[in-house]
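Reading through the structure tokens given below for one structure.
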Amino acid sequence: MIPLSWYVILGAVLFMIGLSGVFLRRNILVILMSVELMLNSANINFVAFSHFFQDLRGQVFAIFVITVTAAEVAVALGILVALMRNKRTLKVDEITIMKG
Amino acid sequence: MEAIFFLTFAALAVASALGVVLLRNPVHCAISLMVCFIQVAAIFVLLRSPFLAVVQIFVYVGAIMVLFLFVIMMLDIRTAVLERFLPGWERVPILGVLTVLGLQMLIMLLTSDRLLHPPADAGTVLDGTVAELGKALFLDYLLPFEVVSVVLLVAFVGAIILAKRERKE
């Protein structure tokens with residue numbers, strides 16, 4: 001029997017890797033992939049707690065997370081394609097249309 | 001035995017996740033992320049959640065990553081490959097913040113006694129079949145289920161409209 005903490009630590013490590021990807025990389029595609037990684041590490045936690053507490057709510061939540069992620073990726077890549085049509089760059093530092 | 005499987009999957013997952021951050025070419029990053037997702041699906045199997053493992057493979061590996069690869073192929077990544085990607089000196093503060101956050105998280109996890117000594121095992125109430133999950137999803141969580149399907153529909157319509165080439169009047 002694997003202790004719960006192993007799964008939670010794995011989730012934390014994957015989350016930190018994803019977070020460092022968001023902070024360190026400047027390529028917008030890689031940033032999106034790192035966000036996916038972070039969402040997935042949250043899913044590991046949901047399923048691990050669901051298994052250890054024998055409660056289905058964790059799995060139901062993980063399914064919702066996966067669905068919302070699919071929606072998010074579709075919209076994000078749509079925005080990316082529209083952005084590439086107007087401004088030929090993938091670097092987030094050069095996308096300053098909104099003056100943010 | 002189970003621990004060996006877990007350690008193998010976890011090590012591969014962490015290694016491929018590092019590949020996502022460290023590899024230079026976005027295509028290699030996407031493949032690496034695919035490997036990571038498959039490892040996570042294997043970990044879901046270890047957690048007796050076969051349905052989620054299958055959904056993970058279908059949705060993440062089958063749909064999301066293929067979408068990513070299609071978009072990468074549509075875009076021109078030759079300039080992105082030349083980008084400097086390892087952190088320079090101006091990224092040192094960010095690295096510091098990341099280190100502090102990661103250490104905080106690990107210390108919190110390692111010192112929390114609720115995690116190291118979880119409450120008494122609830123026993124095997126769930127037998128790991130899909131039937132119970134389906135009942136929970138369609139009886140107790142019917143409204144969120146419908147809402148999330150509407151969200152998905154709206155997102156797809158929005159993505160199509162965003163990606164559609166505007167007709168010049």
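Given the structure is predicted, the values throughout are model-derived calculations rather than measurements. Convention: sequence-line order gives letters A, B, ...; per-chain numbering from 1.
Among residues two or more places apart in sequence or in another chain, the side chain to side chain contact (heavy atoms under 4.5 Å, CB included) test is passed with A/V8 by A/L4, A/N45, A/F49, B/L109, B/L115. Residues passing the salt bridge (charged side-chain N to carboxylate O under 4.0 Å, His left out) test with B/E146, sequence neighbours excluded: none.
Both the backbone and the side chain of B/V14 come within contact range of chain A, judged by heavy atoms closer than 4.5 Å. Looking at B/A10, both its backbone and its side chain come within 4.5 Å of chain A, counting heavy atoms on both sides. With a 4.5 Å cut-off on non-hydrogen atoms, B/V20 touches chain A through its backbone and its side chain both. In this structure, chain A has heavy atoms under 4.5 Å from both the backbone and the side chain of B/L46. Proximity to chain A (any heavy atom under 4.5 Å) is shown, for B/L133, by both the backbone and the side chain. In this structure, the portions of B/L98 lying under 4.5 Å from any heavy atom of chain A include both its backbone and its side chain.
The shortest non-hydrogen separation linking B/S49 to A/V47 is OG-CG1, 3.2 Å. Closest approach of B/A136 and A/V60 over heavy atoms only: CB-CG2, 4.3 Å.
Between the SG atom of B/C29 and the CE atom of A/M33 there is a distance of 5.5 Å, given to the nearest 0.5 Å. Taken from CG in A/L24 to CG in B/L95, the straight-line distance is 5.0 Å, to the nearest 0.5 Å. The structure places CG of A/N40 at 6.0 Å from CZ of B/F44, a figure rounded to the nearest 0.5 Å.
Taking Ile, Leu, Val, Met, Phe, Trp and Tyr as members and joining any whose side-chain heavy atoms lie under 4.5 Å apart, directly or through other members, the hydrophobic cluster of B/V66 also contains B/F70.
Per-residue counts of heavy-atom pairs under 4.5 Å with chain B were compared for A/A76, A/A48, A/S41; the largest is that of A/A48. Ranked by heavy-atom pairs shorter than 4.5 Å toward chain B, the options A/S34, A/A12, A/P3 are led by A/A12.
Within residues 148-157 of chain B, the residues having any heavy atom less than 4.5 Å from a heavy atom of chain A are, in residue-number order, B/V148, B/V151, B/L152, B/A155, B/F156.
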Just do the side chain to side chain contact (heavy atoms under 4.5 Å, CB included) check on A/T69 and B/Y60 with the steps written out, would you?
-> CA-CA 9 Å; A/T69 307; B/Y60 273 111; 3.5 Å; yes
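Using a 4.5 Å heavy-atom cutoff, the side chains of A/W6 and B/L7 are in contact.
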